[in-house]
Visitor: 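Dropping the structure in here first, questions after.
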Amino acid sequence: MKKIDAYEANQQQGLLLNANENPKNIDADILESIIEDIKNIDFNRYPDNDVTMIREAYASYIGVDADQIMVGNGSDEVLGLLIHLRLGSNKTLYTLEYDFSMYDYYATLQDANIVRFPLKVEDTFDVDSFIQLGKKANPDLICFSNPNNPTGRCIEKEDLIKIVEAFANTYVIIDEAYAEFSDSSMIDQVDVYKNLLVTRTLSKAFGLAAIRCGMMIAHKETMETLQTYKVPYNVNTLTQVVATRVLQQKERVQENIEQIKQARDVMYEDYGRDKPKNVTLYPSCANYFYGTSTNKEKLLQLMDDAQIIIRNFKDEYFRITVGSNEDNKKVMDILRKV
Ligand SMILES: Cc1ncc(COP(=O)(O)O)c(C=O)c1O
């Protein structure tokens with residue numbers, strides 16, 4: 001059996017600022033319409049294998065055709081599918097140091113090599129060095145998140161395009177799990193580049209982590225090939241019903257996204273006005289902050305005492321999800337006591 005670092009699943013009690021979830025649950029009236037939809041489900045039947053309702057609703061949300069979208073049981077599933085397809089022993093994944101842990105999880109399951117481009121949170125991204133190291137690694141798949149999890153940094157779109165062009169014969173996955181909180185996306189490039197795959201999720205900006213729904217978006221021809229590998233009936237009917245109802249309320253989702261972006265900016269301004277002595281937070285284009293502390297033990301203890309759950313990483317690093325303004329204020333007060 002291969003040795004894999006177990007995924008650190010999120011804790012479910014306290015003020016949950018550890019998994020970059022949306023602080024807001026769905027509105028009561030949307031919930032009511034979902035309950036009505038659920039009454040009409042034929043529970044004895046398998047779900048729609050083509051996931052038509054979600055694909056059509058999401059296609060109109062992002063401005064592509066429905067046949068350019070594959071829906072998965074979370075974006076984890078579509079990421080896993082691609083990694084499974086492209087990697088095996090003697091194959092190489094090229095990603096960033098640091099990035100989302102599930103790439104490692106799936107690549108390790110496939111016995112693949114992983115080459116990581118070192119990128120510290122303070123460094124500026126040098127696309128030419130990225131391409132140079134990548135060419136040496138000769139990868140079978142390139143995959144990284146943008147905005148980056150955990151750092152909250154964004155790579156410029158022109159650099160991303162340079163990467164997709166430089167590795168024209170390799171699938172390049174840009175994982176846009178947090179794109180709604182940033183000002184940029186590569187989705188408008190999928191018609192141009194057949195090797196570009198963009199993944200998205202409803203777990204973050206849409207506040208639907210509970211239902212596990214994510215997408216892959218690609219050029220029509222690329223999707224035609226990939227679609228044949230989708231696991232049959234992978235998206236259950238309950239998920240299809242809930243996601244479709246929420247996707248029909250785009251304006252509300254957008255309003256909530258704006259609130260989170262605003263709360264993030266207010267929190268960072270607050271941080272800048274009176275910087276904690278022993279804590280540094282880095283600017284973020286996502287819904288979380290990456291930070292370091294010279295006294296992380298104390299920071300973790302104070303958070304624990306206040307029942308605030310944050311994500312702890314090795315060495316001096318940690319990550320905190322942006323919550324409501326009130327939650328963020330509590331967090332800042334604690335950071336100043338470290
Ligand atoms: C960068 C990134 N990609 C993908 C995912 C997985 O999202 P999903 O809930 O759609 O599986 C996450 C979840 O934390 C993430 O941070």
Side-chain angles (χ1 to χ4, degrees), residues 5-12 16-23 51 54-55 58 61-62 69-84 93 95-107 116 119 121 141-155 160 172-182 184-187 197-217 230-231 234-236 238-240 242-243 246-247 253 260 264 284-290 309-313 317-322:
D5 289 336
Y7 181 78
E8 204 184 302
N10 58 330
Q11 216 167 313
Q12 300 288 15
L16 303 176
L17 301 179
N18 56 335
N20 305 336
E21 293 152 334
N22 199 308
V51 203
I54 297 182
R55 280 169 58 229
Y58 201 70
Y61 174 67
I62 57 170
I69 299 177
M70 182 196 292
V71 186
N73 183 22
S75 54
D76 273 357
E77 191 195 17
V78 289
L79 288 163
L81 175 78
L82 286 161
I83 291 173
H84 186 74
L93 170 72
T95 185
L96 297 175
E97 168 97 49
Y98 304 92
D99 215 316
F100 183 44
S101 60
M102 288 302 287
Y103 313 149
D104 281 41
Y105 174 89
Y106 288 124
R116 300 169 217 270
L119 185 61
V121 63
L141 182 68
I142 298 172
C143 177
F144 55 88
S145 55
N146 195 60
N148 177 266
N149 179 10
T151 65
R153 295 174 47 126
C154 273
I155 296 175
L160 295 174
V172 178
I173 306 174
I174 310 288
D175 176 350
E176 293 194 349
Y178 303 95
E180 294 89 346
F181 304 111
S182 77
S184 174
S185 168
M186 286 289 277
I187 282 182
L197 307 168
V198 177
T199 55
R200 287 281 186 99
T201 181
L202 300 188
S203 301
K204 312 294 178 182
F206 284 78
L208 292 177
I211 65 165
R212 311 297 297 117
C213 184
M215 292 79 176
M216 172 168 52
I217 301 108
K230 185 185 88 70
V231 175
N234 61 328
V235 182
N236 72 73
L238 288 164
T239 294
Q240 297 198 32
V242 177
V246 173
L247 281 163
V253 172
I260 293 170
R264 171 194 68 199
S284 170
C285 56
N287 66 332
Y288 48 86
F289 286 103
Y290 193 56
I309 318 301
I310 67 167
R311 181 70 194 264
N312 181 26
F313 292 112
Y317 297 102
F318 63 91
R319 190 192 66 203
I320 302 182
T321 308
V322 173

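We count ligands from 1, going down the list as the structure has it; atoms in each ligand are counted the same way. All values reported here derive from a predicted model rather than from experimental measurement.
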Visitor: Taking N or O atoms only and a 3.5 Å limit, does D76 qualify as a polar contact for ligand 1?
Guide: yes
Visitor: Quick one, F206 and E180 - any side-chain contact, counting heavy atoms below 4.5 Å?
Guide: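 Counting from C-beta outward, F206 and E180 do come under 4.5 Å.
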Visitor: Show which atoms of ligand 1 fall inside a sub-4.0 Å distance from at least one heavy-atom site of K204.
Guide: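 Going through ligand 1 atom by atom, the ones under 4.0 Å from K204 are 13 (C), 14 (O).
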Visitor: Go through the steps to decide whether N148 and Y290 satisfy the test side-chain hydrogen bond (donor to acceptor under 3.5 Å, both in side chains), and finish with yes or no.
Guide: CA-CA 10 Å; N148 177 266; Y290 193 56; over 6 Å; no
Visitor: In terms of atom number and element, which parts of ligand 1 are under 4.0 angstrom from non-hydrogen atoms of T201?
Guide: 7 (O), 8 (P), 9 (O), 10 (O)
Visitor: Would you say S284 and F181 make side-chain contact, with heavy atoms under 4.5 Å?
Guide: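 When only atoms from C-beta onward are counted, F181 and S284 do not touch, as no gap falls below 4.5 Å.
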Visitor: Do F144 and I155 come within less than 4.5 Å of each other through their side chains, counting heavy atoms only?
Guide: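 Yes, at least one pair of side-chain atoms sits under 4.5 Å.
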Visitor: Consider ligand 1: state whether an atom of it lies below 4.0 angstrom from any non-hydrogen atom of M102.
Guide: no
Visitor: Out of G214, S75, P147, indicate the one that has the non-hydrogen atom closest to atom 7 (O) of ligand 1.
Guide: S75
Visitor: Check each heavy atom of E77 against ligand 1 and say whether those closer than 4.0 Å belong to the side chain, the backbone, both or neither.
Guide: neither
Visitor: Check ligand 1 against S203 and write out every atom of the ligand that is under 4.0 Å from a heavy-atom position of the residue.
Guide: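 Counting atoms of ligand 1 from 1, those under 4.0 Å from S203 are 8 (P), 9 (O), 10 (O).
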Visitor: How about Y288 and Y178: are their ring centres within less than 6.0 Å of each other?
Guide: yes
Visitor: Decide yes or no for N20 and R319: does some side-chain heavy atom of the first lie under 4.5 Å from some side-chain heavy atom of the second?
Guide: yes
Visitor: Report, in ascending order of atom number, the atoms of ligand 1 lying under 4.0 Å from any heavy atom of S145.
Guide: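 So the answer, numbered in order with elements, is 1 (C).
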Visitor: For ligand 1, which atoms, with element, lie under 4.0 Å from some heavy atom of G74?
Guide: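 Those atoms are 10 (O), 11 (O).
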Visitor: Between N20 and ligand 1, is there a nitrogen or oxygen pair with a distance under 3.5 Å?
Guide: no
Visitor: Decide, yes or no, whether a salt bridge links R212 with E77 under the criterion of side-chain N to carboxylate O below 4.0 Å.
Guide: no
